[in-house]
Each structure stands twice: as structure tokens, then as C-alpha cells.
Amino acid sequence: MGYGFSQCYLDWTTHWGRAAIRAGVPLLAVLSAYGASVTSKPPAVTFYGQIAPIVYGNCSVCHRPGESAPFSLLTYEDVKRHAAQIAAVTKRRYMPPFLPEAGYGDFQEERRLSDKQIALIQDWVKQGSPAGSAAHAPAPPKFSSTWQLGPPDLILHVNKPYMLYASGPEVFWNFVIPVPIKTTRWVKAMEIRPGSSRVFHHANVIIDRSGAALRYEKTRGSGFSGMDLTLEENTFDPDSHFLSWKPGSMPVVEPDGMSWRAVPGMNLVLNVHLRPSGKAEMVNPTIGLYFTDKPQSKFPMLVQLEHDGAIDIPAGDKDYLVSDDFRCPMDLNVLAVYPHAHYLCKLMEGYATLPDHTRKWLVRIPDWDLGWQGVYRYKQPIFLPKGTIISMRYHYDNSSGNVRNPNSPPKRVRAGNKATDEMGHLWLQVLPVAPGDHRAELEEAIARDRLVKYPDDFTANFRMGDLSLTNEDTADAILYFQKAWKTNPDSPLAASELGVALMSAEKLPEAEQQFQRALAIDPKYSDARYNLASAEATNGEWKAAAENYKEVTLEKPDNAKARQHLGEVLYLWADDQAKTGDDAAAVAHYREALAFRPNDAGLHASLGVALARMKKLDEARSELETAVRIDPTLQPAKQALQELPAQ
């Protein structure tokens, strides 16, 4: 026999109903409340009514043909087929993959579902995932199958695609991509097309204006492995922009004045995270650059908090803390944040303590997952007044309970560049509030802060040396560069820059020795060879200087300064030879110098005089007439013409 109303009523009144009647609630009201409770149903949830807007706005950008997600979510049939899976992963907030916790930073491109949206998905699946009426259904999103920003002004290709095997560990690979431009250009946007989206998990681009990345390649264009890359720059050129790609992200178009500089001869280093898909894939990405005629007038900079030197996590430690702090030396606006660690990190916190002791949150990630790392850009800049202390607090779990622990059983882990090592970085893109370029001041504060943690740190000493050299403080520059070079004696850059500082202090023999040391480490380091040639020229060593300048022009034919100085050295060398009576050698070097100084009236005149002394009168007359034609006021050339015997 069924469970009828009367029995249900008796049971119900035994509990809540009796209590309500005792409290004076009328019996009719009690029965009405009960009737409503047993007859009401949860509102119907349909795909076209409530679910489609959630999926189209948060999922379809990755879950579509040609993208990294394993299946498409563009139609009702697509979504119904995976309904139970969608309910499960959204309930535990694994999808959509947006790591920052709500309330700890207001970011662009947030793909974080509300509690109400998650409940709607749960109800929809419980109700059988009905379609509902398509009469007022939202249209599925449309995506470009080509460049999202339209045709780029310049498309860059890798020199050699990378073959990713069907199985094996994750791969971090670096493509060094030349930028074939002949003049300085300003880049307002960059778009990365992975080519193989299924295996291409995320990517970062590093600007290399000095050619430092080429030293990592075994053969030119082959690329090289490595997870986190730091390049040595030989000029003051701090990183300024986050250039990155992750699934579903739109390319960033910089506002006017925030473009970045591309120069002839530079490279872009595309650092990619690849995951084998079960079949071999040829990874052949491309990069599109979009130029603007509006040069940079605002000067952002990337500030890094880290304390990798303190990372030494014992096996089994469930809560290992790594912290760092940085005091703002000026008023700053924070534009974006990029947290980074490897697999043991669990909780990430980044916040700012203002001079009035109030706290502003920058980011908080309660469950870090390296697989979904990314750059987070604020909807509005976060203002930090001078004196604000920016803090990083990262917690690591090196126990067997950490499902992402790469070691089983857990083992001691230190800082390093391998995926099984650890890191703890909080990168911020900041823009000084005051107009003008304040990067040098900010860079000095960063370097000094780093030297407090690591007195022998190569990067901090090198940066302080570079800043001292820029400020013409050669004594301090020498001290800082000496410390950097002693810390890393295998760095050709440190050896060469110490030579530059010594040459600025007019210590030419010591400077030449440093340049030679740099070339012994890297014979193809053309900047060191150029500096060596300059030191030799300053010392009147014409032959050696000419040989080294020639080699620089062979390595870099577009190096205008090397060509200019080679012409000057040949000219001066020829003058010295003419003074000693070696006119034949002088004529040879004068002629060679003309290839670099064809419109130099004085050079033509000197060549003409030397030819006249050698009795080559027709050639002498031609050179002297050319000199006067270029510069009619050049008296030595006019006088030499008058002194030539008549034809």
C-alpha cells in the first residue's frame, strides 16, 4: 500500500506541526504551508534558457575546434554529451580554470562562475539536461579562424619547428625568432598562433635586443630547452611588458604611449610549455606583430619579488613559507600581476601595505596549479603611494598528500630551473605615476633590495654597474662589474662590461684584457669584439683595430657604427703610414677607407697627395678634383692641385 497523505500528515504533525500549533499558528496556515512544501518543484532549468549563456561566456572560447580543449562546447548536443562532467568540474571550481580567489583583485577576462551559476548547472543535470525552447536562444559565439586582430603588419616564423613525441614528460622549449626590420618600430600588439593548440599549453615571449639568447643555441636557429629564462643585456633595457599566451586569451592592444620598441637585429624568444597528446606533433608557431606610429611615452617596468635563495623544502613539510618584500621608491600604479611557482606551491598571496598601514590585495590563489598559470591584468590600475611595502607570501606542500608533488616518495627540493625544482616569483607590471622615464630610479631600488638578500648576486651587481656607468661613476661601475664577473667568470657579458668601465677610466691595457677574456669565452660575441677594437683604436693599434672592426662588420653587416669606425681607423692608419714615407701602404688603406667614407673630401685629398708623391699624377689629379668638388673651400686640396705639373 502506498504512503498516503493521512499517514504523512500524522508524521509531520508529530514534529514541526505540533510545535507550530502550540505556538498559536492557525491550523489552516500550518496545513497550507505543508501543502506548498510537498507540491512545489524547483524551477525548470534548460540549456537555451540558462545554461547556454554560461557555457558560451566561459567555456566555448577554449572548447571549440582547433583549440586546446579536448572537446567542443558550441551546441546543445555538445554540452549535453558532457553534462555530468561539466557539473562535476564546475562544482569543485576546477573549470573554468581561473586561479585567483574572488575578492582579492578585480581582473579582466575573469572566468569565474558564481555560486548561482554553479547551482544552475547542478539543477540542469539533475533535471535530465533538457534543451528547452530554442525560440529565444542566444547565438553561439563566433571565433576567427585566422588572426584575431586582423592581418598583422609582420609575421614571424620559427627557424626550426620542434618535434614533440607522442608521450613522455612535459617540455619547456625556447624558439629564438629573428625580427627582420631595418628601422626602429613601435609595437602596439602581438598575437601568438600556436599551430598545434592541443599540445601548446601556454607561452611567454622575451624581448632580446642584445642577441644574448643565441648563445644558448648549439646551432643557429635550433632553439634550446629551459623552463625559466633570464637573459643578460648589455644595455639598460629593463623588461616592461608581459608578452604571453594562454588558451582562450585575447591579444592585448597597448594604449597610446605604451607600445614597446623593436630594433633591427633583435630576436624574440618564444618560451613554450608543451604537453604530449598521445601522437607525435610538429610544433610550428607563428607570431604576428602590429605596429603603431605613436612611440613610447609611458615607461612601465616589470618588478619581481622572489626569494629563491631561501627555498630548501624538506621532504614531508606540509607548509613551507617563502616570503619577500619590496618598498616602493615612488608612487606607482600596478597594471598587471604574474604569480609563478612550480608544483609544490599551494597558497599564493600578494598584497601591499600602504603607509597608513591599510592593506590592498594584489592577488590570492588558494590552490595553485602550474598548468593554469597566467598573467592577470587589473580592470583598473591599483595605486600604491611611495613607501608602500609590497609583500609576497607563498606556502609549499612537499608531502605525499600533495597530488601535484612530482616526487614519490617526497624528497628534499631546492630552487632551480627544472620542473622538479621550485621557484617563488611574484611579477608586477608597474607604471610610475609621475610623467617621464623613471625606470633607472626604480631599477636601482630593485637592485639594492636584491643585494640585501644576495650580496654576491650577479644580476644585481651587474645592474648597479650599468647604472653607475650611465651616471658616469666609473669607480663604482668597476667595483660592481668586478663583483659580477667574479661571481660568474663564464659570462662574456660581465667580462666585456668590466672592460667598458675600465676603458672609461682610461685603463686601456686592463680593458683590452677583459675584452679578450670575453672573446675567449664566446668568440662570436661581437659586442666584445667591437669594444676591443675601440680600445685598440684609442691606443693607436691600427692594424688590430681594423681587423676586429672588419670581423664585426662581417658578423653584423648592418652595424653602422662598426662600419663608421672601421673607415676612421683605416684613414688614421693610412695617415701614419704616409708620415713614415710608406705611401704604397697609405694609398691602399686610403682606398679601403673610401668604401666607408666616399664623400669625405679630406680623405680624397690625402689619397691624392700620396698618389702625387708616387708620381701617379693622373690618379692624383682625379682624387684632388673630387675633393674640391665635394668641398670647394678645402684649401689643401686646391693648393695640391695647383702644385701638380700641367698635363
Side-chain angles (χ1 to χ4, degrees), residues 496 499-500 502-504 506-509 511-513 515-516 519 523 525-647:
S496 181
V500 172
L502 290 166
M503 191 163 69
S504 298
E506 299 182 355
K507 298 180 179 182
L508 292 179
E512 287 189 28
Q513 187 179 39
F515 298 137
Q516 289 164 353
L519 289 169
Y525 187 23
S526 58
D527 286 346
R529 193 170 299 281
Y530 176 91
N531 291 332
L532 175 59
S534 299
E536 291 165 338
T538 303
N539 215 25
E541 302 169 47
W542 308 124
K543 181 179 180 180
E547 288 175 350
N548 280 310
Y549 277 134
K550 284 179 184 177
E551 193 158 342
V552 173
T553 60
L554 290 173
E555 292 175 1
K556 293 187 175 181
D558 57 347
N559 190 323
K561 286 188 176 181
R563 294 175 62 84
Q564 173 191 338
H565 292 325
L566 175 55
E568 292 170 355
V569 164
L570 291 168
Y571 190 174
L572 293 168
W573 189 9
D575 278 348
D576 276 3
Q577 290 168 325
K579 290 175 184 176
T580 60
D582 191 353
D583 285 322
V587 165
H589 289 124
Y590 281 138
R591 291 191 191 279
E592 197 175 351
L594 279 174
F596 305 97
R597 307 168 68 89
N599 297 315
D600 188 321
L603 176 54
H604 283 282
S606 296
L607 174 57
V609 170
L611 287 166
R613 286 198 297 266
M614 295 176 67
K615 308 302 182 183
K616 296 183 178 183
L617 302 183
D618 291 343
E619 294 178 58
R621 190 180 305 279
S622 174
E623 292 298 332
L624 292 169
E625 288 173 348
T626 299
V628 173
R629 186 167 58 252
I630 295 170
D631 182 4
T633 66
L634 189 62
Q635 289 301 321
K638 294 167 71 173
Q639 182 178 344
L641 264 177
Q642 293 173 358
E643 293 175 357
L644 284 179
Q647 287 183 334

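The basis for the numbers below is simple: all heavy atoms, side chains too, and nothing from hydrogens, waters or symmetry mates. Throughout, numbering of the chain's residues begins at 1 and tracks the sequence.
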S.K.: What is the minimum heavy-atom distance between Tyr571 and Ala593, and which atoms define it?
M.R.: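 Heavy-atom minimum between the residues: N-CB, 3.9 Å.
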
S.K.: Just to verify, which of Lys556, His565, Glu555 counts as forming a side chain to side chain donor-acceptor pair (under 3.5 Å) with Tyr530?
M.R.: His565

S.K.: Does any non-hydrogen side-chain atom of His604 lie less than 4.5 Å from one of Leu624?
M.R.: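 Heavy-atom side-chain distance check fails, nothing below 4.5 Å.
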
S.K.: To the closest 0.5 Å, what do you measure between OH (Tyr525) and CG (Asn531)?
M.R.: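 Between atom OH of Tyr525 and atom CG of Asn531 there are 7.5 Å.
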
S.K.: Tell me the closest heavy-atom pair linking Ala620 and Gly608, and the distance in Å.
M.R.: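 Heavy-atom minimum between the residues: CB-O, 3.2 Å.
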
S.K.: Testing the basics here: between Tyr590 and Ala578, what is the closest heavy-atom pair and its distance to 0.1 Å?
M.R.: OH-CB, 4.0 Å

S.K.: Distance from Leu611 atom CG to Ser606 atom OG, nearest 0.5 Å?
M.R.: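 The OG atom of Ser606 is 11.0 Å from CG of Leu611, to the nearest 0.5 Å.
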
S.K.: Which residues satisfy the side chain to side chain donor-acceptor pair (under 3.5 Å) test with Gln516, sequence neighbours excluded?
M.R.: none

S.K.: Let me confirm one number: the CD-CG distance from Gln639 to Leu634, rounded to the nearest 0.5 Å.
M.R.: 11.0 Å

S.K.: With Asp600, which residues qualify under salt bridge (Lys or Arg N to Asp or Glu O under 4.0 Å), at least two apart?
M.R.: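 Asp600 satisfies salt bridge (Lys or Arg N to Asp or Glu O under 4.0 Å) with Arg597 only.
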
S.K.: Nearest 0.5 Å, what's the CG-NE2 distance between Asp576 and His589?
M.R.: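 Separation between the atoms: 11.5 Å.
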
S.K.: For Ala545 versus Val569, what's the shortest heavy-atom pair and its separation?
M.R.: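 That would be CB-CG1, 4.1 Å.
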
S.K.: For residues 542-552, which residue pairs qualify under salt bridge (Lys or Arg N to Asp or Glu O under 4.0 Å), counting only residues two or more places apart or in two chains?
M.R.: Arg529-Glu551, Lys550-Glu592

S.K.: Mind checking the CD-CG spacing from Glu623 to Leu594? Nearest 0.5 Å is all I need.
M.R.: 6.0 Å

S.K.: Please report the closest heavy-atom contact between Asn548 and Ala533, naming both atoms and the distance.
M.R.: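 Minimum heavy-atom separation between Asn548 and Ala533: CB-CB, 3.7 Å.
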
S.K.: Under the rule for side chain to side chain donor-acceptor pair (under 3.5 Å), what residues qualify as partners of Asn559, not counting sequence neighbours?
M.R.: none

S.K.: Which side-chain N or O atoms in residues 625-633 pair as donor and acceptor under 3.5 Å with protein atoms at least two apart or in another chain?
M.R.:
residue, atom, partner, partner atom, Å
Thr626, OG1, Ser622, O, 2.8
Thr626, OG1, Arg629, NH2, 3.4
Asp631, OD1, Thr633, N, 3.1
Asp631, OD1, Thr633, OG1, 2.6

S.K.: Among all residues two or more places apart in sequence or in another chain, which pass the side-chain contact (heavy atoms from CB on, under 4.5 Å) test with Asp582?
M.R.: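 side-chain contact (heavy atoms from CB on, under 4.5 Å) list for Asp582, sorted by chain: Gln577, Thr580, Ala584, Ala585.
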
S.K.: For Phe515, which of Asp527, Leu502, Leu532 qualifies under side-chain contact (heavy atoms from CB on, under 4.5 Å)?
M.R.: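 Among Asp527, Leu502, Leu532, the one meeting side-chain contact (heavy atoms from CB on, under 4.5 Å) with Phe515 is Leu532.
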
S.K.: What pair of heavy atoms forms the shortest contact from Leu644 to Ala612, and how long is it?
M.R.: CD2-CB, 3.9 Å

